[in-house]
Amino acid sequence: MADLSSGIGTEAIASELISEQLANSALLDVRARLAHALQISLEATELLTLFFKHSQQLVQYHGLVYEDVILGKVLVGKRSLHRCHYTMNLPGSNLGEITFFRKSRFSENQQLMLETLLASLAFPLNNAKKYQQALRMALVDPLTEVGNRSALDTALEREHQRLQRNGKAFALVMLDIDHFKQINDKYGHSRGDDVLKQIATTLKEVSRATDMTFRYGGEEFAVLLSDTGAAGGLITAERLRRAVERIDIVMDGAHIRPTISVGVSACMDAGEPLQALLERADRALYDAKRQGRNRSCCEPAQIPLDAATGVKA
């Protein structure tokens with residue numbers, strides 16, 4: 001009887017060892033294939049979709065949510081009742097947080113498998129973050145942290161395509177800081193930079209969430225207004241001008257109160273080149289300067305002619 005019990009125990013232990021070896025082999029196999037698959041992309045959604053697909057071979061769960069300040073929020077699959085949550089880090093880099101969802105509780109072994117597989121996801125996510133940061137820096141003015149000229153060109157082209165597709169007009173507001181050279185000469189370029197940063201911040205705060213602010217160059221800014229005509233653009237321009245007029249930067253007892261001159265135009269004709277819109281807004285800006293500065297002017301949008309009648313549509 002003793003020998004029989006010993007035999008059964010030995011067989012059970014052997015079976016467990018075999019099962020553990022098979023599980024470890026499967027884990028290593030999935031991890032290797034996952035690591036290979038994750039090398040093909042620098043896009044967070046694709047990386048997480050690949051992770052979801054491959055990890056399903058070891059752990060059956062229903063979805064995941066990933067959140068990061070740079071890469072944003074990504075949902076793959078569906079949320080469910082039970083969850084396990086991880087904060088992901090590499091030395092010197094926070095990679096965000098990931099939550100897995102399942103209808104039933106995650107076992108300890110399932111959590112260990114997910115944790116092991118997450119190690120394969122860390123470096124691809126880190127590379128994706130660096131890539132997105134590089135893209136962002138290529139489109140952001142480093143001083144004011146608003147879009148740069150390249151970003152404006154891209155946004156204008158996107159709005160022009162929307163106009164071609166659905167007839168949605170858009171407006172361009174061009175503004176220039178009045179007598180900015182005098183500010184630099186009197187207070188120094190460092191204080192001039194403070195003025196640029198404060199104006200950029202004010203423009204973003206006053207604008208709608210859908211408006212986009214850019215540094216056009218030097219002391220000149222642009223604000224792109226979606227779904228807006230010339231009249232709406234002029235109203236926005238006046239709101240921006242008054243907000244800047246309230247800025248008061250104090251330096252050694254002196255008060256710097258900048259003002260801006262603003263030019264507005266709108267694009268209503270899908271066939272009109274973007275350069276024409278820029279030129280009209282620029283003319284309106286210089287009209288504001290000629291009329292005494294610290295004011296807004298609007299250059300009327302070109303209205304397309306009706307092809308059949310030859311009159312304004």
Side-chain angles (χ1 to χ4, degrees), residues 69 133 135-156 170-226 228 232-266 277-299:
V69 292
Q133 287 172 317
L135 287 181
R136 181 179 182 274
M137 292 307 298
L139 297 174
V140 172
D141 175 61
L143 176 66
T144 60
E145 297 185 348
V146 298
N148 60 17
R149 179 66 182 273
S150 295
L152 173 61
D153 292 341
T154 300
L156 280 169
F170 61 97
L172 179 64
V173 177
M174 299 289 290
L175 58 97
D176 189 85
I177 303 173
D178 297 327
H179 305 297
F180 185 68
K181 184 178 183 301
Q182 295 180 15
I183 294 175
N184 276 333
D185 291 345
K186 185 174 182 180
Y187 300 103
H189 288 276
S190 177
R191 193 57 63 184
D193 287 348
D194 291 340
V195 171
L196 289 169
K197 289 188 284 188
Q198 184 59 58
I199 286 178
T201 299
T202 300
L203 296 177
K204 289 188 293 184
E205 289 175 347
V206 176
S207 299
R208 302 173 302 178
T210 55
D211 299 339
M212 293 168 280
T213 303
F214 308 89
R215 187 180 179 190
Y216 193 70
E219 66 269 28
E220 196 168 356
F221 291 85
V223 181
L224 186 57
L225 313 175
S226 298
T228 305
L234 187 57
I235 291 172
T236 297
E238 271 297 289
R239 187 169 68 248
L240 297 174
R241 185 191 65 79
R242 289 194 298 268
V244 170
E245 198 175 31
R246 292 192 291 269
I247 293 174
D248 185 4
I249 299 175
V250 181
M251 177 189 176
D252 298 329
H255 293 261
I256 305 176
R257 295 190 176 101
T259 62
I260 55 174
S261 298
V262 191
V264 182
S265 193
L277 170 68
L278 287 164
E279 290 173 356
R280 288 202 317 277
D282 205 44
R283 284 198 301 269
L285 170 59
Y286 280 96
D287 284 344
K289 287 181 173 294
R290 283 192 295 267
Q291 293 177 27
R293 304 178 191 273
N294 192 23
R295 65 190 64 221
S296 304
C297 289
C298 182
E299 183 81 7

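With hydrogens and angles ignored, the 3.5 Å screen pairs no side-chain donor or acceptor of Thr202 with any backbone N or O of Val244.
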Output, in order, the C-alpha distance, side-chain angles, deciding distance and verdict of side-chain contact (heavy atoms from CB on, under 4.5 Å) for Leu156 and Leu278.
-> CA-CA 10 Å; Leu156 280 169; Leu278 287 164; 4.1 Å; yes

Where do Arg241 and Thr259 land on the side-chain contact (heavy atoms from CB on, under 4.5 Å) test, with the steps shown first?
-> CA-CA 7 Å; Arg241 185 191 65 79; Thr259 62; over 6 Å; no

Criterion side chain to side chain donor-acceptor pair (under 3.5 Å) on Asn148 and Arg215, from CA distance to verdict | CA-CA 5 Å; Asn148 60 17; Arg215 187 180 179 190; over 6 Å; no

Criterion side-chain contact (heavy atoms from CB on, under 4.5 Å) on Leu196 and Ile177, from CA distance to verdict | CA-CA 9 Å; Leu196 289 169; Ile177 303 173; 3.5 Å; yes

Side chain to side chain donor-acceptor pair (under 3.5 Å) between Asp176 and Ser261: does it pass, once the steps are laid out?
-> CA-CA 5 Å; Asp176 189 85; Ser261 298; over 6 Å; no

Candidate pair Asp287 and Arg283, rule salt bridge (charged side-chain N to carboxylate O under 4.0 Å, His left out), full reasoning | CA-CA 6 Å; Asp287 284 344; Arg283 284 198 301 269; over 6 Å; no

Check the pair Leu172, Ser265 against side-chain contact (heavy atoms from CB on, under 4.5 Å), reporting the backbone distance first and the verdict last.
-> CA-CA 6 Å; Leu172 179 64; Ser265 193; 5.9 Å; no

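Leu152 CG to Leu224 CG: the interatomic distance, rounded to the nearest 0.5 Å, is 6.5 Å. For the atom pair CD (Glu219) and CD1 (Ile260), the distance works out to 12.5 Å, reported to the nearest 0.5 Å. Taking CZ from Arg246 and CG from Asp248, the interatomic distance works out to 12.5 Å, rounded to the nearest 0.5 Å. Separation of atoms CG (Leu234) and CZ (Arg239) is listed at 11.5 Å; rounding is to 0.5 Å. The OG1 atom of Thr213 lies 5.5 Å from the CG atom of Leu203; values are rounded to the nearest 0.5 Å. Taken from CD1 in Ile235 to SG in Cys298, the straight-line distance is 10.5 Å, to the nearest 0.5 Å.
Atom OH of Tyr286 sits in a sparse spot, with 12 or fewer heavy atoms from other residues, nucleotides or ligands closer than 6.0 Å.
In plain terms, the two heavy atoms of Asp211 and Ser226 that are nearest each other are OD1-N, 4.3 Å. Closest non-hydrogen pair, Gly192 versus Asn184, comes out as CA-OD1, 3.4 Å. Of all non-hydrogen atoms in Thr144 and Lys204, the two that sit nearest each other are O-NZ, 4.3 Å. Closest non-hydrogen pair, Tyr187 versus His255, comes out as OH-O, 4.1 Å. The two atoms that bring Met174 and Ala222 nearest to each other are SD-CB, 3.7 Å, heavy atoms only. Nearest heavy atom pair, residue Asp194 against residue Arg191, reads OD2-NH1, 2.8 Å.
Using a cutoff of 4.0 Å between basic side-chain nitrogens and carboxylate oxygens, Asp193 and Lys197 are not scored as salt-bridged. Checked for salt-bridge contact, Arg242 and Glu245 miss the test: no charged N lies under 4.0 Å from a carboxylate O.
You'll find the side chain of Thr228 reaches within 4.5 Å of the side chain of Arg208, heavy atoms only. A 4.5 Å side-chain heavy-atom check between Leu277 and Arg280 finds at least one atom pair inside the cut-off.
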